[in-house]
Amino acid sequence: MSDVKNLAPATLTLDGKTHELPVVEGTERERGVDISGLLRDAGAVTLDPGYGNTGSCLSDITYIDGNKGILRYRGYPIEELAEKCYFVEVAYLLIKGNLPDRAELERWRGLLTEHSMIHEDMRNFFRGFPERAHPMAILSAMVVSLSTFYPELLGEGPEAVEITAARLISKVRTIAAYSCKKAIGEPYVYPRHGLRYCANFLHMMFDSPCADYQPDPVVVKALEKFLILHADHEQNCSTSTVRLVGSSEANLYASISAGVCALWGKLHGGANQAVIEMLEQIHATGGDVEMVVRRAKDKDDPYRLFGFGHRVYKTYDPRARIAKQMSQDVMGRLGIHDPLLDIALQLEKIALEDDYFVSRNLYPNVDFYTGITLRAMGIPTKMYPVMFAIGRLPGWIAQYLEMRNDPARKIGRPRQIYVGPTERHLPPIDEREPAAAAT
Ligand code: ACO
């Protein structure tokens with residue numbers, strides 16, 4: 001991380017005493033005030049619930065400008081990557097830092113093909129889950145289980161890292177497809193060596209003993225794009241989880257499994273499922289879009305407009321722009337008309353003209369239009385967060401490796417401001433207040 005610049009220090013006055021705080025600047029001129037010595041020097045911590053104003057690391061993987069709607073992986077704009085790359089190339093870029101040349105890409109593809117099977121004994125695990133199990137629960141459990149089957153984990157040196165990353169990226173795709181087959185009660189389909197990454201996933205999802213599946217090139221291309229859009233997004237909730245768990249020296253599989261759980265929530269990667277459920281509900285109740293907008297604005301109603309708003313983007317999410325176009329293109333090319341797309345377009349129009357959303361800078365995020373494309377591809381709704389996880393995996397791996405290779409790395413351990421009772425002493429049991437009265 002040699003490209004960090006030191007600027008003139010900031011000053012903070014506390015209890016009449018002035019403290020100097022180092023200021024650093026990154027390559028895109030983002031500035032950070034380094035408060036790591038504040039507790040030692042001034043006896044105070046910073047307070048930032050939700051970490052909206054806290055930089056947890058220096059990173060050279062992904063850059064976002066939330067005001068301008070810019071997203072770049074390793075310097076390359078998301079628009080170019082989504083248009084011109086395969087997902088596996090982008091995965092390589094994120095993990096290794098540079099785009100692969102032809103030979104490197106062939107070797108990388110070879111590794112992904114070689115490691116696509118999961119240990120046969122792991123298939124027994126799937127049988128133990130109830131039919132209604134959410135595939136994100138299965139995914140998380142299976143990812144951490146990989147550490148018991150492949151305990152060699154991350155060896156030393158770039159080659160071992162490459163093989164571990166390929167193994168994880170390849171097997172997660174197989175696990176994801178198996179979790180879907182489990183949910184619909186169909187037999188598991190093994191990966192095929194002749195198929196590339198996305199086509200192989202679709203084969204495992206849709207092939208069956210009674211009907212051969214031929215991946216449609218339109219669907220394959222849409223899947224490539226979908227996965228690229230999700231491949232990394234700097235220090236979001238799930239990525240920060242992966243880094244935090246990994247900072248205790250938990251292994252890569254354990255850290256990624258925790259990341260899957262963090263992603264599952266509907267304020268994060270679970271939002272793509274929530275968006276479709278919301279659109280389906282509007283459709284089922286006669287298309288009353290205004291009602292949803294009214295509910296989302298009502299302070300006494302916890303309801304939110306799913307797929308809208310973002311912690312970092314205060315303008316249109318560049319991924320949402322691509323996803324919107326993609327959903328229209330895919331449906332046009334597959335000859336599908338989905339009334340949910342019409343409802344989504346109407347909802348977006350109403351929200352973007354409404355002062356509540358305008359004044360709060362609430363725009364569609366990546367999850368608003370992606371579910372519509374996944375529906376057109378025939379993917380069941382409960383699988384949407386899993387699809388997000390397959391896409392995000394290279395980013396999690398890259399961020400985990402960056403954290404583990406950082407010489408300034410420390411175990412993640414935020415502080416707090418305690419607001420509970422001051423010291424008190426145990427009363428005998430007969431003199432204690434009932435719990436309800438005490439709290
Ligand atoms: N619908 C209605 N109101 C909203 C929404 C929404 N989707 N999002 C934010 N707001 C309102 C809040 O109520 C708040 O209003 P107030 O200032 O009157 O109190 C204001 O906008 C700011 O919102 P915060 O919750 O403070 O914003 P935060 O950065 O903490 O949350 C989040 C971001 C979680 C994404 C939020 O916008 C949200 O819940 N969106 C819906 C869920 C969603 O789509 N999540 C996917 C995000 S993208 C991703 O993770 C891949």
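Of the N and O atoms on the side chains of Glu277 and Gln273, at least one donor lies less than 3.5 Å from an acceptor on the other residue. With no hydrogens or angles considered, no side-chain donor-acceptor pair links Asn361 and His310 at under 3.5 Å. Side-chain N/O atoms of Gln346 and Asp342 include no donor and acceptor closer than 3.5 Å. A donor-acceptor contact under 3.5 angstrom links the side chains of Asp48 and Thr54, judged on distance only.
At distances below 3.5 Å, not a single donor-acceptor pair connects side-chain atoms of Asp34 with backbone N or O atoms of Val23. At least one donor-acceptor pair under 3.5 Å links the side chain of Thr174 to the backbone N or O of Ser116. Without hydrogens or angle criteria, Asn6 side chain to Val24 main chain gives no donor-acceptor distance under 3.5 Å. For the pair Thr164 (side chain) and Ala160 (backbone), a donor-acceptor distance under 3.5 Å is present. Of the possible polar contacts, one joining the Arg74 side chain to the Asp60 backbone as a donor-acceptor pair under 3.5 Å is found. Of the possible donor and acceptor atoms, none in the side chain of Trp396 sits under 3.5 Å from a partner among the backbone N and O of Val242. No side-chain donor-acceptor contact under 3.5 Å links Asp367 to the backbone of Ala271. Under a 3.5 Å cut-off, the side chain of Glu83 and the backbone N or O of Glu80 do not form any donor-acceptor pair. At least one donor-acceptor pair under 3.5 Å links the side chain of Asn365 to the backbone N or O of Gly309. With hydrogens and angles ignored, the 3.5 Å screen pairs no side-chain donor or acceptor of Arg392 with any backbone N or O of Phe388.
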Next item on the list: Evaluate ring pair (Phe, Tyr, Trp, His ring centres under 6.0 Å) for Tyr188 paired with Phe126, printing each intermediate quantity in order.
Entry: CA-CA 10 Å; Tyr188 308 114; Phe126 285 90; 5.6 Å; yes
Next item on the list: Give the C-alpha distance, both sets of side-chain angles, the deciding distance and a yes or no for salt bridge (Lys or Arg N to Asp or Glu O under 4.0 Å) between Arg102 and Glu106.
Entry: CA-CA 6 Å; Arg102 218 174 269 283; Glu106 277 325 299; over 6 Å; no
Next item on the list: Please report the C-alpha distance between Glu249 and Arg409 in whole Å, then the side-chain angles of each, then the deciding distance to 0.1 Å, and finally whether the side-chain contact (heavy atoms from CB on, under 4.5 Å) criterion is met.
Entry: CA-CA 11 Å; Glu249 305 206 350; Arg409 163 171 69 93; 3.2 Å; yes
Check: After noting the C-alpha distance and the side-chain angles of Glu348 and Lys324, does the key distance pass the salt bridge (Lys or Arg N to Asp or Glu O under 4.0 Å) rule?
Finding: CA-CA 11 Å; Glu348 177 188 336; Lys324 181 178 180 181; 3.2 Å; yes
Item checked: CA sep, side-chain torsions, deciding dist, call: Ile411, Ser247, side-chain contact (heavy atoms from CB on, under 4.5 Å) -> CA-CA 5 Å; Ile411 187 168; Ser247 78; 3.8 Å; yes
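Taking 4.5 Å as the limit, every side-chain heavy atom of Met136 sits out of range of all side-chain heavy atoms of Lys382. Leu38 is not listed as a side-chain neighbour of Val45, based on a closest heavy-atom distance of 4.5 Å or more. Residues Arg72 and Thr62 are not in side-chain contact: their nearest non-hydrogen atoms beyond the backbone lie 4.5 Å or more apart. With contacts defined as side-chain heavy-atom distances shorter than 4.5 Å, the pair Leu279/Ile372 qualifies. Taking the side chain as every heavy atom from C-beta outward, Ile228 and Lys225 never approach each other to under 4.5 Å. Residues Val292 and Tyr303 form a side-chain contact, since some pair of their non-hydrogen atoms from C-beta on lies under 4.5 Å apart. Using a 4.5 Å cut-off on side-chain heavy atoms (C-beta onward), His337 and Met331 make no contact. In this structure, the side chains of Glu402 and Ile61 come closer than 4.5 Å at one or more pairs of heavy atoms.
Dense packing is recorded around CZ of Arg123, with more than 12 heavy atoms of other residues, nucleotides or ligands lying under 6.0 Å away. Atom CG of Asp101 is surrounded by more than 12 heavy atoms from other residues, nucleotides or ligands within 6.0 Å.
A salt bridge is defined here as a Lys NZ or Arg NE, NH1 or NH2 lying under 4.0 Å from an Asp or Glu carboxylate O, and Asp216 with Arg333 fails to meet this definition. The existence of a salt bridge linking Glu114 and Arg167 is excluded, since no basic side-chain nitrogen approaches an acidic carboxylate oxygen closer than 4.0 Å. The pair Glu89-Lys84 does not meet the salt-bridge criterion, since no charged nitrogen lies less than 4.0 angstrom from a carboxylate oxygen.
Atom CZ of Arg415 and atom CG of Leu39 lie 5.0 Å apart (nearest 0.5 Å). Atom NE2 in His230 sits 8.5 Å away from atom CG in Leu227 (nearest 0.5 Å). Taking CD1 from Ile282 and CG from Leu347, the interatomic distance works out to 5.0 Å, rounded to the nearest 0.5 Å. Summarising the geometry, atom CZ belonging to Arg173 is positioned 10.0 Å from atom CZ belonging to Phe87; distances are rounded to the nearest 0.5 Å. Remark: Ile379 CD1 to Leu374 CG distance equals 5.0 Å, nearest 0.5 Å. The distance from the CD1 atom of Ile343 to the CD atom of Gln281 is 11.0 Å, given to the nearest 0.5 Å.
Remark: Arg109 is positioned above the aromatic ring of Tyr86, its terminal NZ or CZ atom under 6.0 angstrom from the ring centre and at most 45 degrees off the axis.
The salt bridge (charged side-chain N to carboxylate O under 4.0 Å, His left out) contacts involving residues 179-190 comprise Lys181-Glu186, where partners must be two or more places apart or lie in separate chains. Applying the ring-ring contact (aromatic ring centres under 6.0 Å, His included) rule to pairs touching residues 54-81 yields nothing, sequence neighbours excluded. The stretch residues 300-323 participates, sequence neighbours left out, in these salt bridge (charged side-chain N to carboxylate O under 4.0 Å, His left out) pairs: Arg295-Asp301, Asp317-Arg319.
Nearest heavy atoms, Leu244 versus Gly412: CD1-CA, 3.5 Å. Here the closest heavy-atom approach between residue Ala91 and residue Ile169 is recorded as CB-CD1, 4.2 Å. For the residue pair Arg243 and Gln399, the shortest heavy atom distance occurs at NH2-OE1, 2.8 Å. Here the closest non-hydrogen pair linking Ser145 and Thr148 is O-OG1, 2.6 Å. Taking every heavy atom of both residues into account, Ala165 and Trp108 meet most closely at CB-CH2, 4.2 Å. Nearest heavy-atom pair, Leu334 versus Ala376, reported as atom, atom and distance to 0.1 Å: CD1-O, 3.9 Å.
Not a single salt bridge (charged side-chain N to carboxylate O under 4.0 Å, His left out) links Glu224 to another residue, sequence neighbours left out. Qualifying salt bridge (charged side-chain N to carboxylate O under 4.0 Å, His left out) partners for Glu131, counting only residues two or more places apart in sequence or in other chains: none.
Less than 6.0 angstrom separates the ring centroid of Phe308 from the ring centroid of Phe368. Separation of the His233 and Tyr313 ring centroids falls under the 6.0 Å cut-off.
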Got a list of side-chain donor-acceptor pairs under 3.5 Å for residues 257-269, not counting sequence neighbours?
unit_1, atom_1, unit_2, atom_2, d
Ser257, OG, Ser140, O, 2.9
Ser257, OG, Ser140, OG, 3.0
His268, NE2, Asn236, OD1, 3.4
His268, NE2, Ser238, N, 3.2
His268, NE2, Ser238, OG, 3.0

